[in-house]
Amino acid sequence: MDSLLSLLNVSLNYHTKQKETLAVKDLSFDVSSGEFAAIIGPSGCGKTSILSLIAGLIKGYGGDVFFDGEKLLKPSEKIGYMLQRDELFPWLTISENVYLPLKIKRLYNKENKDLADELIKKYGLIDFCDFYPNQLSGGMRQRAALIRTLAASPELLLLDEPFSALDYQTRLVVCNDVHGIIKSENKTALLVTHDISEAVSLSDKIIVLTQRPAKVKNCYILDFDKDLTPIERRESDRFSQWFETLWRDLN
Ligand SMILES: Nc1ncnc2c1ncn2[C@@H]1O[C@H](COP(=O)(O)OP(=O)(O)OP(=O)(O)O)[C@@H](O)[C@H]1O
Ligand SMILES: [Mg+2]
């Protein structure tokens, strides 16, 4: 597999009036095209900072980020970012929420609108496209937020704790859904989570970070059968073995 994203010796230092915070230090990892990668690490270690940096929202970091063979110097249209608290706008309908990034990026044309509508239909929200977010369940809102991110046809999806607002049962189902959507749309994903089970159930690769400043502590390629869904993975023997390995790393 080709490497779609590479971070090489990346460091990030936040300067505020009060103090300096070294959030990331000498961080290197790769994500291959088509891979579902997860970053796990302790709270506050720098995970969101890393995604924001890849999204091109942070300037003045050390080291290099390469995307699709080129040095990443500004936000790329090919990278979609689903934020840690990715709220839909309550005053817009589901469709309007999904179209919004296209409109902001001036990509709102017939072709892209059709693609967005296709995604809304394919992933079960067609009957709710004129509803407002508060008229949907938490899981449906999460799906709408993902569709919104997918509608701009990114190659790489950055997902920051996308399921953290959901209760356990819903989370299992939505995880399964989202994994299915990303795989069937042939996307590459980089997920941030501090939930070990979630990382093990979803990922091809897991990057474990140290306490802040974030460095790579370990990187694992998971050896599950390719066709297993996240829920099926949870039922397999290898699941608890991976869980233990990662648990030991984090504690
Ligand atoms: N804009 C900012 N200005 C200054 N410091 C920041 C900024 N954003 C984050 N930090 C600091 O950088 C460190 C890493 O923060 P970050 O949000 O990346 O962690 P995280 O791993 O995503 O945490 P969590 O698991 O709680 O989401 C923290 O110490 C935080 O206070
Ligand atoms: Mg975070």
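Positions are given from 1 along the sequence. Just so you know, ligand 1 is whichever comes first in the structure, and atom 1 is the first atom listed for that ligand.
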**Request:** Using the side chain to side chain donor-acceptor pair (under 3.5 Å) rule, take T193 and E198 through it: C-alpha gap first, then chi angles, then the decisive distance, then the call.
**Result:** CA-CA 8 Å; T193 179; E198 196 170 284; 3.2 Å; yes

**Asked** Side chains of I181 and L119: closer than 4.5 Å at any heavy-atom pair?
**Response** no

**Polar contact flag, side-chain donor to acceptor under 3.5 angstrom, Y14-S49** = yes

**Request:** Report the relative orientation of the aromatic rings in F243 and W247; use parallel for angles under 30°, tilted for 30 to 60°, perpendicular for over 60°.
**Result:** parallel

**Request:** Report all protein residues having a heavy-atom distance below 4.0 Å to some atom of ligand 1; order the list by chain, then number.
**Result:** Y14, T16, T21, A23, S43, G44, C45, G46, K47, T48, S49, Q84, H194, R212

**Asked** Under 6.0 Å from the NZ atom of K183, do we count more than 12 heavy atoms belonging to anything else shown?
**Response** yes

**Request:** With 2.8 Å as the limit, jot down which protein N, O or S atoms are around the Mg ion (ligand 2).
**Result:** T48 OG1, Q84 OE1

**Message:** Going by salt bridge (charged side-chain N to carboxylate O under 4.0 Å, His left out), name the pairs with one or both residues in residues 43-53, residues two or more places apart or in two chains.
**Reply:** none

**Request:** Evaluate the criterion salt bridge (charged side-chain N to carboxylate O under 4.0 Å, His left out) for residue pair D195 and R171; output intermediate values, then yes/no.
**Result:** CA-CA 11 Å; D195 183 330; R171 192 140 107 195; 2.5 Å; yes

**Asked** Under 30°, 30 to 60°, or over 60°: which ring-plane class applies to H179 and F36, parallel, tilted or perpendicular?
**Response** tilted

**Prompt:** By side chain to side chain contact (heavy atoms under 4.5 Å, CB included), which residues pair with D237, not counting sequence neighbours?
**Reply:** none

